[in-house]
Amino acid sequence: MMRGMSSTVDRVRWPVRTERLSLRPATGHDVDATWRYRRLEEVGRWIGFAPTSRDEYAAMFLDPNRLRKTLLVELDGVVIGDLMLAVGDGWAQHEVSAQAKGVEAELGWSFDPAYGGKGYATEAVAELLRVCFEDLRLRRVTANCFADNTASWRLMERLGMRREVHTLRESLHRSGEWLDGMAYALLAEEWRGR
Ligand SMILES: CC(C)(COP(=O)(O)OP(=O)(O)OC[C@H]1O[C@@H](n2cnc3c(N)ncnc32)[C@H](O)[C@@H]1OP(=O)(O)O)[C@@H](O)C(=O)NCCC(=O)NCCS
């Protein structure tokens, strides 16, 4: 669980471009561009909150606390996915807690399945890791998923992220089942030595 999340997207020069993609902060005008794929059952299946109506989705998307952590991934001007970049504090003992402020980030991702299987998510998240470690100078990046979300943890492993935790039946899925979870992390020095 991240503590003291805050936005730092304004510390980066956007848009950030990769070979095929462009990354930029989301705005209030991006509800429909993301709802187009976020409404699909296969996209919502493993994510924390999957609204089933456009209005409910818009309320979630436009929540300022969430919007400032949302980035969009574009291919030739078309939104093909969204990313979460939630910068927060590392865990620290009280006496040294000031040194742990804003030093790590939790990441998340959802892509339009119409663009799946072409390495776009890998390319976008690889760039997001670069932003975290080079531009924002963070010391650690984390991400979580249900253990059954094979596409998500395979993405993390392709990117060199390291599995730190495999929990047993600790996460309640909306199906009513308690499922296993996984937590991955990457340290700045691991990223530099990749
Ligand atoms: C998680 C998610 C982003 C992964 O999507 P993905 O299509 O598997 O990932 P990529 O776009 O990086 O594509 C990788 C695939 O393309 C292939 N590929 C083709 N060209 C590639 C390239 N240039 N670079 C890397 N991979 C390439 C890879 O081999 C891989 O295929 P494989 O799975 O058959 O081995 C996607 O499944 C998703 O959005 N899921 C729904 C939301 C969700 O679960 N979010 C996470 C919650 S924790």
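One is the number of the first residue; the rest follow in order along the sequence.
Nearest heavy atom pair, residue E170 against residue D180, reads OE2-C, 4.3 Å. Of all heavy-atom pairs spanning A92 and S97, the tightest one is CB-CA, 3.8 Å. Closest heavy-atom contact between D89 and G102: OD1-N, 2.8 Å. Among all heavy-atom pairs drawn from V141 and C132, the shortest one is CG2-CB, 3.7 Å. Between Y37 and G81 the shortest heavy-atom distance is OH-C, 3.1 Å. For R24 against P15, the heavy-atom pair with the smallest separation is CB-CB, 4.4 Å.
Checking E189, E164, E190 one by one against R140, the salt bridge (Lys or Arg N to Asp or Glu O under 4.0 Å) holds for a single residue, E164.
Legend: residues meeting side chain to side chain donor-acceptor pair (under 3.5 Å) with T150, ordered by chain and number and at least two apart, are absent. Residues passing the side chain to side chain donor-acceptor pair (under 3.5 Å) test with T122, sequence neighbours excluded: R158. Take H173 and apply the ring pair (Phe, Tyr, Trp, His ring centres under 6.0 Å) test, not counting sequence neighbours, and it matches W46, F146.
Counting heavy atoms from C-beta outward, Y184 and T142 have side chains that stay 4.5 Å or more apart. With contacts defined as side-chain heavy-atom distances shorter than 4.5 Å, the pair F61/R66 qualifies. In this structure the side chain of V103 never reaches within 4.5 angstrom of the side chain of R137, judged on heavy atoms.
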**Prompt:** side-chain hydrogen bond (donor to acceptor under 3.5 Å, both in side chains) between Y57 and T52: does it pass, once the steps are laid out?
**Reply:** CA-CA 7 Å; Y57 176 73; T52 51; over 6 Å; no
**Request:** Take R38 and D82 through the test salt bridge (charged side-chain N to carboxylate O under 4.0 Å, His left out) and record every step on the way to the result.
**Result:** CA-CA 9 Å; R38 281 275 188 153; D82 57 270; 2.5 Å; yes
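L179 and W153 end up in different hydrophobic clusters when Ile, Leu, Val, Met, Phe, Trp and Tyr side chains are linked at under 4.5 Å. Note on L72: it does not cluster hydrophobically with Y120, by side-chain heavy-atom contacts below 4.5 Å among ILVMFWY residues.
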